[in-house]
Amino acid sequence: GNTGPTGNTGPTGNTGPTGWTGNTGPTGNTGPTGWTGNTGPTGNTGPTGPTSTVTGPTGWTGNTGPTGPTGNTGPTGRTGPTGWTGNTGPTGNTGNTGPTGATGISPGSGSAFQLAYSGGTAIYTTSTYAGYAVANGTSLTNSDTDPLSATFWTPRGIAVSTTGDVYISDAGNKAIRKITTAGSVSTLVTDSSAGSGFGNSIYDLSVDIDNNVYVADTDKHCIRKITPAGVMTVFAGVYGTYGSDDGANASAGFNGPRGVTVDLKSGTVYVAETGVGRIRKIQNGVVSTLVGPNSFPSSGSYTDGTGTNARFLNPRSIVIDSTATNLYVLDGGSIATMIRKIVIATATVSTFIGATGQSTATTEGNGTSARIASIGQLAIDGRDILYLMSGGDPPNFKNSNVLLKVNTTSPFAMSIIAGTRTSITTVNGDALSSSFNSASGVAGDSLGNIYVSQIGDNIIRKVSLKYETQQAVGG
C-alpha cells in the first residue's frame, strides 16, 4: 500500500562541549613595503649667533706711489693798496737870500689856505660829496655823471674799498649804494621783499680785497654778503631769527649784529653784536665767540678782561688795524661811551678811550681822560688812526656834529678835526669852521680823505686832507 506520512521531527539535541583550540599556524610572509610619504615643510631658521668682537690684523701698508709732476704756478695775487706817503724829510740848509721881490697880496681872512704849523698838523676842508638835501621818504635816484644829483634816504654805514670806491648802506631805501672814483652813483643791490629783504636797520658794512661787501642786517639778525655783481646771500646767521649759538655759518645765531669788519689779509670777518654784548668771529665757515658772554644775558654791563669774562655795554661798530693784530670797538650805552681795544691773539679787552659816566659833551684829551658824547660808526686808516663822529656841546651832544681823530699810539690823543660844537647845520669849507647835521657813518681812503654819511639831510660829506705839515714854513 501507500507509504504513510513522515513523522514529526523530534527536538534538537543539546550542543556538545567545545572542542580543543588547534595549534597556531605558521606566520605568513611579509607584505610588500608601502609607498614613501611626501616630504614635510622646511623648519624655521634658528637665531643668528653672536658677532665676534675680535678685530682682524691690520693689512700691510702699500708701497709709496711715485711723486707726481710739479703743478703749474698759480696766478699772481692782487696788488695791495698804496701805502701812505712817508713824512717829509728834514729841511735843507737855507740858501742865500735872493733879491727882494715885489710886495705880494695878503690872503683874505676867508681863504682856505692856512699857514703850516709844527707838529704834523693835518689841514682839512669839507665838501658835499654826493646827494643833496631831501626829506626822508624820497625815492633813491642814481646818477652816472653827477653824484650831487643822486638821492639817499637815511644813509648810515659807509665803507671804502682798496680801489677807492665808496659803499653806503642806504637804510631808508633798503639798499646798498656805490659811488665810484669817477663819480658814478649806482645801486649795488636793493631788496625790501618779505622773507628775504633787508630789515629796517642796516648799519655797518665792510669791503674785502675782492670787493665783496659784508653788511650787518640788524633787524634780521644776520650778516649779508654781496658780490661785485650784486648777488646777495645770507653769509652767517639764520635770517629773521635771533639766537646765540656758535657753529656753522648757516646755523649759528646772532642777536642784533650792528658792526662788521673784514681782515683783508685772511678774509676773517668780525661782528659787533649788540643784543648779547659780544664780538663774534667768522672764519672758514664757522662762527665763534671771540670775547664777551657766549650766551644770554645780553649787554648792559662793562668789564675789561679776557675771553668770555669780558663784558660790553652795547658794542656798535668795529674795525681791525693794518697788522690784523688788534680790534677797536665803539661801545656805548646809557652810562658811558668808550672805545675798547681787543688783542686778537689773547682775546684781551681793555678800555682805550673814555670811561664810565655818560658825557653830554665831547672832551678832547688822552686815553681814558677823553670823553665821547654820542656814537655812530668807527673808522680806521692805513696808519691805524681812528675816526668817529661825536656830539658837540649841549643841547647838540646827541647830533654827532664833530669829527674826532684818535691816535692809537701813546699818549692816545683824541682831538676834533672837523665840525663846530654848537652848530647842527650843513656848512662846507675849512674843516674847523664847517658843521655837520646828525652824521652817522665814517670811512677813510688810502689818501687820507674821510667820508661821512649824514642822515640829518641825507647826503654824503667828504673831509679832504689838503696837506700835513711837519714844521713851520711861514708866519
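Small disclaimer: the values here were computed from a predicted structure and weren't measured.
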>> Walk me through whether Asp204 and Gln377 qualify under side-chain contact (heavy atoms from CB on, under 4.5 Å).
In response: CA-CA 7 Å; Asp204 272 12; Gln377 182 182 355; 3.2 Å; yes

How many angstroms lie between [atom1] in [X] and [atom2] in [Y], if you round to the nearest 0.5 Å?
{"X": "Ile223", "Y": "Ile282", "atom1": "CD1", "atom2": "CD1", "value": "5.5 Å"}
{"X": "Ile385", "Y": "Thr409", "atom1": "CD1", "atom2": "OG1", "value": "8.0 Å"}
{"X": "Ile417", "Y": "Tyr124", "atom1": "CD1", "atom2": "OH", "value": "4.0 Å"}
{"X": "Asp445", "Y": "Thr162", "atom1": "CG", "atom2": "OG1", "value": "11.5 Å"}

Any side-chain donor-acceptor pair under 3.5 Å between [X] and [Y]?
{"X": "Thr289", "Y": "Arg278", "result": "yes"}
{"X": "Asp384", "Y": "Ser322", "result": "yes"}
{"X": "Thr268", "Y": "Gln283", "result": "yes"}
{"X": "Asn428", "Y": "Thr128", "result": "yes"}

Atom of [X], atom of [Y] and distance for their closest heavy-atom approach:
{"X": "Asn437", "Y": "Gln454", "result": "O-CG, 2.9 Å"}
{"X": "Ser161", "Y": "Asn211", "result": "CB-OD1, 3.4 Å"}
{"X": "Ile455", "Y": "Pro155", "result": "CG2-O, 2.9 Å"}
{"X": "Thr420", "Y": "Ser434", "result": "OG1-O, 2.7 Å"}

>> What verdict does the side-chain contact (heavy atoms from CB on, under 4.5 Å) test give for Thr351 and Thr368, after you've listed the backbone C-alpha separation in whole Å, the side-chain angles of each residue and the deciding distance to 0.1 Å?
In response: CA-CA 7 Å; Thr351 300; Thr368 54; 4.3 Å; yes

>> Run Leu386 and Met414 through side-chain contact (heavy atoms from CB on, under 4.5 Å) and show every step you take.
In response: CA-CA 9 Å; Leu386 301 173; Met414 186 182 83; over 6 Å; no

>> Assess the residue pair Asn249 and Val287 against the criterion (side-chain contact (heavy atoms from CB on, under 4.5 Å)); give the C-alpha distance rounded to whole Å, side-chain angles, the decisive distance to 0.1 Å, and a yes or no.
In response: CA-CA 6 Å; Asn249 281 15; Val287 179; 3.6 Å; yes

Should [X] and [Y] count as side-chain neighbours, where that means a heavy-atom distance under 4.5 Å?
{"X": "Thr151", "Y": "Asn458", "answer": "no"}
{"X": "Leu327", "Y": "Ile344", "answer": "yes"}
{"X": "Met338", "Y": "Phe312", "answer": "no"}
{"X": "Phe436", "Y": "Ser438", "answer": "no"}
{"X": "Asn284", "Y": "Val286", "answer": "no"}

>> Can you confirm if the NZ or CZ of Arg316 lies within 45° of the ring axis of Tyr203 and under 6.0 Å from the centre of its six-membered ring?
In response: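 Because its charged atom misses either the 6.0 Å distance or the 45° angle limit, Arg316 does not stack over Tyr203.
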
